[in-house]
Amino acid sequence: MDDRRRGHHPRKAPPPGLVLTPEFFARPSDEVGPDLVGKVLWRAGVGGGRLTEVEAYLPTGDPACHAAIGRTPRNASMFGPPGCVYVYRSYGVHILLNLVCDAEEVGSAVLVRSFEPLNDAEPLRQNRGIAGGGDPRAVSCGPGRVGQALGLRLDLDGLPLGEESGLFVIDDGARPEVGVATRVGISQGDDLLLRYYMRGSRFISRAPRTI
DNA sequence: TAAACGATTAGCT
DNA sequence: GCTAATCGTTTAT
């Protein structure tokens with residue numbers, strides 16, 4: 001007998017809720033960012049969890065934004081339609097996930113930095129090479145860990161959220177208190193308050209610096 | 001064509 | 001706290 005016939009959701013199914021559509025993302029990333037905190041990021045067949053930390057990157061006045069230099073082969077998907085993903089390699093090692101915001105051609109996105117695993121975290125752990133146990137924060141705190149846990153690859157770059165990418169963002173009704181802080185790992189625009197995190201959560205990659 | 005540089009992490013001190 | 005690993009993109013020559 002499978003999970004469905006036992007009367008509850010299969011282990012690999014996302015939590016029930018409203019799947020966010022492109023309209024949600026068709027706003028500036030500094031509006032989308034705080035609204036994403038507390039939503040559920042899910043990869044079909046793998047799993048996911050509740051977003052605890054994201055960063056907005058703005059098309060103007062933000063030198064840290066990849067789109068600031070204009071459209072290039074690498075950042076092209078940032079200029080694509082809202083609700084698509086911008087996936088790129090960082091430091092030659094890590095795969096980082098962004099969700100494209102605002103209107104097409106604008107060049108605005110939100111970087112996913114951390115989430116708190118929901119339901120069965122074991123597939124995420126296996127992708128991370130830490131199956132079995134240990135600090136749950138090691139699973140998906142930090143943008144490189146997020147990409148590895150979800151099993152992301154560069155060929156997802158530019159695909160829309162949904163069946164094509166296997167990536168979904170779900171509103172399950174949670175409304176956490178959202179904190180604001182400076183962004184991480186950048187040398188320019190590091191004074192801008194564009195990092196959004198879930199207050200009280202332990203699943204934050206770097207402690208917010210109080211201004 | 002060459003060199004520098006990361007929206008980072010893991011491991012060691 | 002410090003640094004190696006690692007490679008595609010960007011910039012300089």
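Numbers restart at 1 for each chain; the letters A, B, ... are given by sequence-line order, proteins then strands. Values below: all heavy atoms of this structure, side chains included; hydrogens, waters and symmetry mates excluded.
Note on A:R206: every side-chain N or O is 4.0 Å or more away from OP1 and OP2 of B:dT8. Contact between the side-chain N/O atoms of A:S205 and the OP1/OP2 oxygens of B:dT8 is not found at any separation under 4.0 Å. Taking only side-chain nitrogens and oxygens, A:R74 never comes nearer than 4.0 Å to OP1 or OP2 of B:dG6. Applying the 4.0 Å criterion to OP1 and OP2 of B:dA7, one finds that A:H94 has every side-chain N and O outside that range.
Rounded to whole Å, the distance from OH on A:Y86 to C1' on B:dA7 is 9 Å. Across the protein-nucleic acid pair, A:L152 atom CG and B:dT9 atom C1' stand 16 Å apart, rounded to whole Å. Straight-line distance from the CZ atom of A:R183 to the P atom of B:dG6: 14 Å, rounded to whole Å. At whole-Å resolution of the value, CD1 in A:I69 and C1' in B:dA4 are 14 Å apart. Computed from coordinates, the A:Y91 OH to B:dA4 C1' distance equals 13 Å when rounded to whole Å. In this structure, the CZ atom of A:R137 is 19 Å from the P atom of B:dT8, given to the nearest Å. The CZ-C1' distance, from A:R113 to B:dT9, rounds to 11 Å in whole Å. Computed from coordinates, the A:L99 CG to B:dA7 C1' distance equals 14 Å when rounded to whole Å.
Mapping A:L97 and A:A138 onto DNA chain B by nearest heavy atom places A:L97 at the nucleotide closer to the 5' end. Nearest-nucleotide positions on DNA chain C for A:T72 and A:V93 put A:V93 closer to the 5' end.
Using the Watson-Crick or G-U wobble rule with both distances under 3.5 Å, B:dT1 pairs with C:dA12. When both distances must be under 3.5 Å, the Watson-Crick or G-U wobble mate of B:dT9 is C:dA4.
For A:R206, the CZ atom sits in a loose shell: 12 or fewer heavy atoms of surrounding residues, nucleotides or ligands are nearer than 6.0 Å.
Within 4.0 Å of A:N98, counting heavy atoms only, lies at least one base atom of the nucleic acid. In this structure, A:R128 reaches the sugar-phosphate backbone alone: every heavy-atom distance under 4.0 Å involves primed, P, OP1 or OP2 atoms, never a base. Here A:R145 lies in heavy-atom contact (under 4.0 Å) with sugar-phosphate atoms only. As judged by a 4.0 angstrom heavy-atom cut-off over every strand, A:L111 is placed among the base-contacting residues.
One P atom belongs to C:dA4, the other to B:dA4, and the distance between them is 16 Å to the nearest Å.
In summary, of the residues considered (A:V40, A:V139, A:V54, A:L150), a side chain to side chain contact (heavy atoms under 4.5 Å, CB included) with A:F115 occurs for A:L150 alone.
A salt bridge links A:E105 with A:R71: the distance from a Lys NZ or Arg NE/NH1/NH2 to an Asp or Glu carboxylate oxygen falls below 4.0 Å.
Note that NZ of A:K39 and CD1 of A:I170 are 11.5 Å apart. Values are rounded to the nearest 0.5 Å.
Side-chain contact between A:V110 and A:F25: absent, with no pair of heavy atoms (C-beta onward) separated by less than 4.5 Å.
Both tests do not hold together for A:R113 against A:Y197: distance to the six-membered ring centre under 6.0 Å, angle to the ring axis within 45°.
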